[in-house]
Structures are given as C-alpha cells and as structure tokens.
**Q** 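Take this structure, written in structure tokens, and hold onto it; I'll ask about it next.
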Amino acid sequence: MDKDFSTREENYSKWYNDIVQRAELAENSAVRGCMVIKPYGYAIWEKMQAALDKMFKDTGHSNAYFPLFIPKSFFSKEADHVEGFAKECAIVTHYRLKNAPDGKGVVVDDSARLEEELIIRPTSETIIWDTYRNWVQSYRDLPILVNQWANVVRWEMRTRMFLRTAEFLWQEGHTAHATEQEALEETYRMLDVYADFAENFMAIPVLKGIKSENERFAGAVETFCIEALMQDGKALQAGTSHFLGQNFARAFDVKFASKEGKLEYVWATSWGVSTRLVGALIMAHSDDHGLVLPPKLAPIQVVIVPIYKNTEQYNLVCEHARKIKASLEQKGLLVKLDDRDTHKPGWKFNEYEFKGVPVRIALGPRDVENKTLEIARRDTLEKNIIPADQLVPHVEALLDTIQKNLFQRALKFREENTRRADNWDEFVQLIEEKGGFVLAHWDGTAETEEKIKEATKATIRCIPFDTGKEPGRCVFTGKPSQGRAVFARAY
RNA sequence: CGGGGUGUAGCGUAGCCCGGUUAGCGCGCCUGCUUUGGGAGCAGGAGGUCGCAAGUUCGAAUCUUGCCACCCCGACCA
C-alpha cells in the first residue's frame, strides 16, 4: 500500500488531488500550470465529448476549427472583451531561435520579432467574428451554428488540476443570427443542453440562471450559467451560455441584408464547457475510496476480476469470464476482463475502486461450480451473489440504478445545503460555517455584490430562472429587492 | 506579486535545533519459494550529485549567504 486516501473532511484539496493521482486521471507537467491528461482521464473526457457532440449535432450545429493564434489587434476591437482577458494572455512575440553565442543551448533570435504579436487564444470570439464577416452577406447566410473543439490558454496565477489549468480543452459554440429573438432562443437552448448533460450524463444537479453584471462574460450582454454544488460546499460554474447581442458584430463589422433590404448587424451567442467538467465529476461523486463515475461516462462500466489458485483454475475461470464479457458487450456495455496474473484479486478490487468503475464482477471456481457471480456496485460498495443466468439483465438494471442513485444523492446533498438568509448576521454565519448555496435578497448593484465578496468571499453564482418574484430587503444594504440571488463561495 | 511552509531513492518520509563511521525506515521495484474470494508472507537484492551554488570547518544532509523549484493562504479566474 502506498498510502491511504486523505478523507474529505480532513483535507478536501488533498483528497481531490489524491483521487486525480490514484485514478490516473492526470498529473502536473513540466510546464507550470499545465497538466498532462493521462489515458484514463482522457477517456472520460472523450465520453463527455461524444455525448455533448451528439447533442450539439441534434440541435443543428456543425463543428469547425479556427486558428490557435489571434492577432493582438483583434482584441482591441471589443472594449469589454479586451478588458476581461488582457491580464491572462500568453503572447507570441518571435518566430525563430538561434544557437546561443556561448554555444550552450538556444536563445530567442531578436531579429525574428513579429511585426504584430499573436495572442494564444483565451477564447475565440475575436478570430471567429473576424471570419464570420466574410461568411455573412444576406439573411440567407444565417444562422451560422458552429462549434469548435479546441484548447485555449489563460495564464492563471494559481492552478488546480482540471478546475483551473493554464491550458485547457473545451468546446466553444459561436452562432450568428438574424434576429435578437433567435439569438436569445439559441442562448437558452444551449443552456438547456448543458443542464441536460450535467444532470442526465454527469448525474450532477445544476441551477440554471443569469449571471450578475460582475460575473458576466467580457463582451456579453447577458450570461446564463449552470451552477453545481461540490461536496465541500463550494459552488462550481459548470457551463456558460452567452447572449452577445450585436457587440461582436459591431466590433468586427458583420452586417447582413435583411429581407426588407436593410443592412443590419448580426446577433450573436457563444457557449462553452471545458475539462473543468471532469473536475466537477470528481468532486461531486467521489468518496474516501476514490473516484465514483456515473455509468454513462465511465470508460469501463463493468470490470471482471477472475479468482483462482492455479493454472488449471485460471484457465477455467477465464474461459467463463470471456463468455460473460461477450454477453455484456453484446448489449453495448464497456467491459474489461482483468486477467493479469501479475496482480492479486484484492489489489484489483482496490484499483478499480480508485478508478470509479461502476460495477465489478468477481468470478472464482466456487462460482463456476454454483453457477453464480459476485456483483459489487461502486456507489454504495454493496456486494451481492446472483445466479449467473440473470447476469445481463441484472447488470443493465444495476447500471441504470447507479446512474439514478448518484443523481439523487447529489440532489439530496444540494437540497440539504441550500439555505435562506434573511439578514446579514445569518448570511455571514451560513457562508462561514455551513457553506453551500445561500439564497438571499440583494439590491441588484455591483457595488453591493463587491462588498459582500470582500466581507465573505461569497459571490453571486446566479439569479435562478425559477426563483419567483419575492419582495424583500437586501441582506447587506437593506434596500428593496425583487427576488433572491444564489450566493456561495466558488471555485 | 505579498504572507507562510517544504525540498533527502520512483513515491512517502526520519535525521537538521546540538556538524563526526558506510544517511535510516515504509511503500514500490528485482530474484526465489509459499500464496491468490478485499492492497500476501518469508528470505535475499538493486536503487541516493541529501534542490543548486558559494562560504565556514580537519570534517556539512545538518551552520551561513545567495539562487531555484514546488505546496498552502491571498490578489486573479472557467
């Protein structure tokens, strides 16, 4: 045994890092702030990509690809946008190296300075809208419904695996529309897609809502988001969908001739989710035994561990195991038979627990004789002996049960950790002592939000869509408020 | 960039205050035998520029100075 897992209560941050390491999801790289995503971690991301990509296609979108480099001047065209990203950009200034004068290694060749610096994209609105100008002339060219799977770079001061890395993988959708109405509908539609994905694939309940002015995307008219609650009581922004109005169309001069023959600016949206979702998955479901994956996103849904004492038994048990594997695979399940002779069963049990494999089947000579199997589920760690001929329907039903149970468990957690605060003392106490989502009245001003943040580190995660109108008084200023906002400390 | 901390084998660490044989231990790794239904046992073995550099000293992992790296807490943020 290397070492035991840290527990969630002891040190949440260490617990999280242990899981990333022990489940072989990722590791720090030689480049500060950047991580290496290992094959198992990447396989989870690929499952997410596949599900999301299908949802995008089902809603009429196509994939395309735009350059990694963005000319510096593009950033100056939208004032809020440049303001929002200026402080975290990686910049390419030269295009050549040369041998060092002292013969030791290489140095930047000063004579190879770029006339205009290139920014490594922190997000692609600018390069995409510069391109869309050429794609749009008439209302017949609209809408443009394009998504890009790419990497982006944001030079963050402090990084955490998956949650905030200097380089991260994501998808960014960028759409162009003839009318404000249509663009708004698209913004809502994609937020719904994200919420659907979070709840039905990741098994993480999310709040849908609008961002306050402070938290709004740089350059957007309105930002919608899904917010999830992690097990340490902190909130995580899991996805955003932005209504960009005509801001980028004006900045990049993207106009079209309408049916009425008038020249108008195009309406825009953009929306994205990133590898941060892998971090959300880890933090939402894992326990002190390691990662817990929802079946729909598990690269291995069922693992079979053979148990044996000698070569004869090994051959017998593995023969049965291969048949079991084939019968499950016939139903489209992702099954791994771990027939390695280099590790013992107990070792393997632990390993697949670290890795969050939803269902484990143990199969030994005793089972072959009795025509039974031992089935263990990762979410509750329960073990059962079942008749071998019931295996396939049993596993199918169990995977479904686990998927639903994880969601219900996370939902229960969120409900237990969502509280109302009606005055300042209550608010501070809840944020400090309990964490979680705190629903409170707020006077609607950026200044008040800023002061609340300074005092408690809590920010407005969103103003939920489904919060009804409820008159009240701001917990900080006492000024009138129309409804409650969701406050929390966030990642 | 501020405040704190840590650098010793692949990983985790003891030793440092108070300088002195061959730098100790656990995990992992290699070999052999016995094992295999929840991280096996025994025996043997390999593996170290003690973060880097300079200084003090007969002698430095240990003391001094400088540098570097990483971690935690802030500021920044998906």
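We use all heavy atoms of the structure for the numbers below, so side chains are in, but hydrogens, waters and symmetry mates are not. Note that this is a predicted model, so its numbers are computed, not measured. Letters go in sequence order (proteins before strands), and every chain restarts at 1.
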**Q** Between A/H242 and A/F217, how do the two ring planes meet: parallel, tilted or perpendicular, split at 30° and 60°?
**A**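 The arrangement is parallel - the two ring planes meet at less than 30°.
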
**Q** Please measure how far the C1' atom in B/rA60 lies from the corresponding atom in B/rA23, and state the result in whole Å.
**A** 13 Å

**Q** May I have the distance from A/R22 (atom CZ) to B/rC27 (atom P), rounded to whole angstrom?
**A**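 Computing the A/R22:CZ to B/rC27:P distance gives 15 Å.
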
**Q** If you check the A/Y308 side chain, which of B/rG38, B/rC71, B/rU36 turns out closest?
**A** B/rU36

**Q** What contact category does A/E351 fall into here, base, sugar-phosphate, or nothing, at under 4.0 angstrom with non-hydrogen atoms?
**A** nothing

**Q** Are the side chains of A/E215 and A/E449 in contact, using a 4.5 Å heavy-atom criterion?
**A**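 Of all side-chain heavy-atom pairs linking A/E215 with A/E449, at least one is under 4.5 Å.
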
**Q** May I ask you to say what A/D367 touches in the nucleic acid, namely base, sugar-phosphate or nothing, with a heavy-atom cut-off under 4.0 Å?
**A** base

**Q** Quick check, are the ring centers of A/H81 and A/W129 under 6.0 angstrom apart?
**A** no

**Q** Would you mind reading off the distance between A/Y491 atom OH and B/rG74 atom P, rounded to a whole angstrom?
**A**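 So the OH-P distance, A/Y491 to B/rG74, works out to 12 Å.
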
**Q** On a whole-Å scale, what distance lies between the P atoms belonging to B/rC25 and B/rA43?
**A** 14 Å

**Q** Take atom C1' in B/rG39 and the same atom in B/rG26, then report the distance between them in whole Å.
**A**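 Comparing C1' positions in B/rG39 and B/rG26 gives a spacing of 15 Å.
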
**Q** With P as the reference atom in both, quote the distance from B/rC11 to B/rC70 in angstrom, rounded to an integer.
**A** 15 Å

**Q** For B/rG32, give its Watson-Crick or G-U wobble partner with both distances under 3.5 Å, or none.
**A** B/rC42

**Q** What distance, rounded to whole Å, do you find between the two P atoms, one in B/rU62 and one in B/rG55?
**A** 14 Å

**Q** Among A/W442, A/W424, A/F476, A/F427, which one satisfies ring pair (Phe, Tyr, Trp, His ring centres under 6.0 Å) with A/F487?
**A**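 Going through A/W442, A/W424, A/F476, A/F427 one by one, the ring pair (Phe, Tyr, Trp, His ring centres under 6.0 Å) with A/F487 is satisfied by A/F427 alone.
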
**Q** Given B/rC71, B/rC72, B/rG39, which nucleotide is nearest the side-chain atoms of A/N28?
**A** B/rC71

**Q** From CD1 of A/I307 over to P of B/rG39, roughly how many Å is that when rounded to an integer?
**A**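 Value for this atom pair: 11 Å.
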
**Q** Which base, if any, makes a Watson-Crick or G-U wobble pair with B/rG55, both distances under 3.5 Å?
**A** B/rC63

**Q** Using Watson-Crick or G-U wobble geometry with both distances below 3.5 Å, tell me the partner of B/rC76, or none.
**A** none

**Q** Who is the Watson-Crick or G-U wobble partner of B/rG48, with both distances under 3.5 Å?
**A** none

**Q** Between B/rC17 and B/rU64, how many Å separate the two C1' atoms, rounded to a whole number?
**A**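 My reading of the C1' atoms in B/rC17 and B/rU64 gives 15 Å.
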
**Q** Take A/L373 and A/L236, find for each the nucleotide of RNA chain B with the closest heavy atom, and name the residue whose nucleotide sits nearer the 5' end.
**A**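 It is A/L373 whose nearest nucleotide is closer to the 5' end.
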
**Q** I need the CG-P distance between A/L363 and B/rU36, as an integer number of Å.
**A** 17 Å

**Q** Starting from C1' on B/rC71, measure out to CG on A/N17 and report it in whole angstrom.
**A**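 Taking atom C1' of B/rC71 as the reference, CG of A/N17 is at 10 Å.
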
**Q** Remember a base hit wins even if backbone is also touched, and classify A/E156 as base, sugar-phosphate or nothing at under 4.0 Å, heavy atoms.
**A** base

**Q** Taking B/rU22 as the reference, what is the distance to B/rA61 when you measure between their C1' atoms (whole Å, please)?
**A** 15 Å

**Q** Once you round it to whole Å, what is the distance between C1' of B/rG37 and CD1 of A/I386?
**A**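 It works out to 16 Å between those atoms.
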
**Q** Taking the minimum atom-to-atom distance to the side chain of A/F354, which one of B/rG39, B/rG74, B/rG37 wins?
**A**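 The answer is B/rG39, which lies nearest to the side chain.
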
**Q** Parallel, tilted or perpendicular for A/W347 and A/H343, by the 30°/60° rule?
**A** parallel

**Q** What contact category does A/E88 fall into here, base, sugar-phosphate, or nothing, at under 4.0 angstrom with non-hydrogen atoms?
**A**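 Contact class for A/E88: sugar-phosphate only.
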
**Q** Hey, which sits more toward the 5' end of RNA chain B by its nearest nucleotide, A/G84 or A/R366?
**A**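 Nearest-nucleotide comparison on RNA chain B picks A/R366.
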
**Q** Whole Å only: how far is the CD atom of A/Q21 from the P atom of B/rG10?
**A** 15 Å

**Q** Test for a donor-acceptor pair under 3.5 Å between the base of B/rG37 and the side chain of A/R360, counting only N and O atoms.
**A**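 Result: no qualifying N/O pair found.
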
**Q** Counting only distance, no hydrogens or angles, is the base of B/rG38 paired donor-acceptor with the side chain of A/K383 under 3.5 Å?
**A** yes

**Q** Between the side chains of A/E227 and A/K211, is the shortest nitrogen-to-carboxylate-oxygen separation below 4.0 Å, so that they form an ion pair?
**A**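 Looking at A/E227 together with A/K211, the answer is yes, because their closest N to O distance falls below 4.0 Å.
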
**Q** Only pairs with both distances under 3.5 Å count, Watson-Crick or wobble alike; so what is the partner of B/rC25 in this structure?
**A**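 Across all strands, the one nucleotide that pairs with B/rC25 is B/rG12.
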
**Q** May I ask you to say what A/T165 touches in the nucleic acid, namely base, sugar-phosphate or nothing, with a heavy-atom cut-off under 4.0 Å?
**A** base

**Q** Using atom P of each nucleotide, how far apart are B/rC76 and B/rC16 to the nearest Å?
**A** 42 Å

**Q** When you check the phosphate oxygens OP1 and OP2 of B/rG37, does a side-chain N or O of A/K309 lie under 4.0 Å from one of them?
**A** no

**Q** May I ask you to decide if the ring planes of A/W271 and A/Y194 are parallel, tilted or perpendicular, using 30° and 60° as cut-offs?
**A**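 It falls in the perpendicular class, over 60°.
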
**Q** For A/K344 and B/rA40, is the shortest distance between a side-chain N/O and OP1 or OP2 below 4.0 Å?
**A** yes

**Q** Only pairs with both distances under 3.5 Å count, Watson-Crick or wobble alike; so what is the partner of B/rA69 in this structure?
**A** B/rU6

**Q** Quick one: do A/R377 and A/D379 make a salt bridge, cutoff under 4.0 Å?
**A** yes

**Q** Give the rounded distance in Å between these two atoms: CD of A/E450 and C1' of B/rC76.
**A**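 To the nearest whole Å, that distance equals 12 Å.
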
